[in-house]
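Residue numbers begin at 1 in each chain, while the letters A, B, ... track the order of the sequences. Computed from a prediction, not measured in an experiment: that's the story for all the values here.
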There are 2 protein chains.
Amino acid sequence: MDKLRAMRWFVQVVTQGSFSKVAEQTGVSKSMISKQISALEENLGARLLQRSTRRLKLTQTGQDYLARCRDILAQLDEAEAQVQTLQQTPKGRLKINAAMALGLTALAPAFAEFMRRYPQVELDVHLSDESLDLLEHNFDLGLRVASCSFDTGYVGKVIAHFDYSICASAAYLEQHGPIRTPDDLLNHQCFEYSYFRHKNIWPVGANGVPISGRLKANNSVFILDMVKQGLGVGFIPRFISHQALQSGEVEEVLAEEDKPPMSLYALYPVRHFAPPRLTLFIEFLQQWFAEHGYG
Amino acid sequence: MDKLRAMRWFVQVVTQGSFSKVAEQTGVSKSMISKQISALEENLGARLLQRSTRRLKLTQTGQDYLARCRDILAQLDEAEAQVQTLQQTPKGRLKINAAMALGLTALAPAFAEFMRRYPQVELDVHLSDESLDLLEHNFDLGLRVASCSFDTGYVGKVIAHFDYSICASAAYLEQHGPIRTPDDLLNHQCFEYSYFRHKNIWPVGANGVPISGRLKANNSVFILDMVKQGLGVGFIPRFISHQALQSGEVEEVLAEEDKPPMSLYALYPVRHFAPPRLTLFIEFLQQWFAEHGYG
DNA sequence: TAACTCTATTTCCAAATAGGAAACAATGTG
DNA sequence: CACATTGTTTCCTATTTGGAAATAGAGTTA
């Protein structure tokens, strides 16, 4: 029996409060979790969890053992991190969470380059826009833009700086007239991004401009696509619009106006020793973005 | 792969300096040890041992990892000991070393009683008269009589007190005459015990008596058997002669004379937390011998 | 109270793995 | 230069693992 794995699962079961959740997250069947926890209890000669079908509760013994498990597992990770530091050969898996649009645009080429350079490191990338608890889902790293509400127990580090771009297609501009000052936006189809901090006020000009339009969406890539098709104007992070601007599919307007800066943050758990592959990855990202003009 | 077991084996391999020795002691094939150590290295992505067919040498990484392994494994044992302390249900295996004669006589009934009372505890008893290194062979407990040269890293505790008896068979005494004073021994067939501290001087009377006889042996049980068969007189620990004296097979002579006392020592490794089954076992022995008149 | 839903557990079976015997390779020894 | 000893590899079987599905149990809702 793989006792270490059982211990890891035990810790997860307690933090998740459910066998099934752990099974789902870990990618094994719940029968496995059940069997292994039982085997662990059998092996220890003690019941760790008081189970009912609806609720799990740590026994006194389980409480004590849990703390020791956490400690032991942390030390084990530390030992392996140390080995890899000595070996200079980053290995293992990184479980990464990133916002959907970010992953589909700015991160993809950077990740690809990393994977080419370090063939021993495996990536487990979860793209999602829901802000889920990194700790509970055992993410090694979270990548978020301009989010300052960091999970407790995580460290935030700035990886890159982005800015916004206001985009429209040439066809659209020709049809609806040019945009030369912020106030011109008042008469245009301006698309609202659902999660945008300032809602329907675009932060350009002295006091911002209240915009309106027929489309509101929760995904900037989708909005960009609508812009490409000449349906309106978008306030779009440059890392998303970059390619379309290069290719001429869309044009930037009000480029000279000041727009609020954004930062890409790396969030990772506070640990005594972070595994080398993690620090390596973060440093790699930082350098990659610097080299691509997003320093 | 059972990484914990691999780590244990790795530590053992280093202390023993050999795969084969560990295989023999652990009771698995050497191919297993080899495979598991290799798997551990593979898993870590680092070589731990520099091997030649004749010599093993820790790599720098191995040295670091070894220390952490020791630490982690100790903590794991501690955690499990703690669980069992909370549960009050001693479980697991005790690997015990004891002198041959001791095991065959005094210890056997005590061990049997222990096994009846605590069915969850397994015993792995090694009887041998060679004084081997308890630590290197991973013994939880050593039982030795009057030995004060404790291994380093072990704690010694007195379990019981024995005395000697001078024995002869009724037939022998009838044939060779009675033994009423220490000096009478000079004219008798007195058997010498090879490992006896005082060699051929029996410590009775004012200055001891130099004895001689046709038999010298390194096993008191064997000597007792010779005594039973009427071949001579033996200076025999009472825990060995006890039964024969009770049954009348042999008779005690010079019972009133002072003889040097012996102590039964329990030797066990110094640990932060000894497993409950070990402290339980030692306390049990102590009590058992007290109840049987050897306090 | 009954149907329902979401748990953990058990059962059963196919697939993977563990683990030993023996052949093999390599290195220090006499 | 044989020899003895040690770690590795190979090959094969017995065991174990682990998932799908059935089962069982407890809270929730109609």
Checklist line | A/I33 CD1 - C/dT10 P separation (whole Å) | finding: 15 Å
Notebook entry, point to check: To the nearest Å, how far apart are B/Q16 CD and D/dT6 C1'?
Noted result: 15 Å
Checklist line | salt_bridge(A/R68, B/E78) N-O dist < 4.0 Å | finding: yes
Check: Residues two or more places apart in sequence or in another chain: which of them pass side-chain contact (heavy atoms from CB on, under 4.5 Å) with A/M100?
Finding: A/L104, A/L127, A/D129, A/N219
Next item on the list: Measure the acute angle between the ring planes of A/Y65 and A/F10, then classify it against the limits of 30° and 60° as parallel, tilted or perpendicular.
Entry: tilted
Check: Taking CD from B/E24 and P from D/dT5, how many angstroms apart are they, rounded to a whole number?
Finding: 12 Å
Notebook entry, point to check: Relative to the ring of A/H126, is the ring of A/F139 parallel (under 30°), tilted (30 to 60°) or perpendicular (over 60°)?
Noted result: perpendicular
Check: What is the nucleic acid contact for A/S38, judged by heavy atoms within less than 4.0 Å: base, sugar-phosphate only, or nothing?
Finding: nothing
Checklist line | Pairs involving residues 107-119 of chain A, ordered by first then second residue, that meet side-chain hydrogen bond (donor to acceptor under 3.5 Å, both in side chains) (sequence neighbours left out) | finding: A/E113-A/R116
Checklist line | Heavy-atom protein contacts under 4.0 Å, nucleotides 21-26 of chain D, coded B base, S sugar-phosphate only, - none | finding: ----BB
Margin query: Please encode protein proximity along nucleotides 11-17 of chain D as a string of B, S and -, counting only heavy-atom distances under 4.0 Å.
Written below: B-----S
Checklist line | Earlier contact from the 5' end, DNA chain D, for A/G27 and A/R55 | finding: A/G27
Check: Starting at CD of B/Q50 and ending at C1' of D/dG7, how long is that distance when rounded to a whole Å?
Finding: 13 Å
Notebook entry, point to check: Would you call A/K91 and A/E122 a salt bridge, using N to O less than 4.0 angstrom?
Noted result: no
Check: Just how far, in rounded Å, is C1' of D/dT9 from CZ of B/F19?
Finding: 14 Å
Check: Looking at residues at least two apart in the chain, or sitting in another chain, which of them share a salt bridge (Lys or Arg N to Asp or Glu O under 4.0 Å) with A/D77?
Finding: A/R8
Checklist line | Between C1' of D/dT6 and CD1 of B/I37, the distance in whole Å | finding: 15 Å
Notebook entry, point to check: Taking atom C1' of D/dG27 as reference, at what distance in whole Å does atom CZ of A/R51 sit?
Noted result: 19 Å
Notebook entry, point to check: In chain order, what residues pass the salt bridge (Lys or Arg N to Asp or Glu O under 4.0 Å) check against A/K3, with sequence neighbours excluded?
Noted result: B/E80
Notebook entry, point to check: B/S34 side chain N/O closer than 4.0 Å to the phosphate oxygens (OP1, OP2) of D/dG7?
Noted result: no
Next item on the list: Of all the heavy-atom pairs spanning A/I159 and A/A266, show the shortest one and how long it is.
Entry: CG1-CB, 3.6 Å
Next item on the list: Please report, rounded to the nearest Å, how far the P atom of C/dG28 is from the NZ atom of B/K57.
Entry: 14 Å
Notebook entry, point to check: Touch check for A/S29, heavy atoms < 4.0 angstrom, all strands: base, sugar-phosphate only, or nothing?
Noted result: base
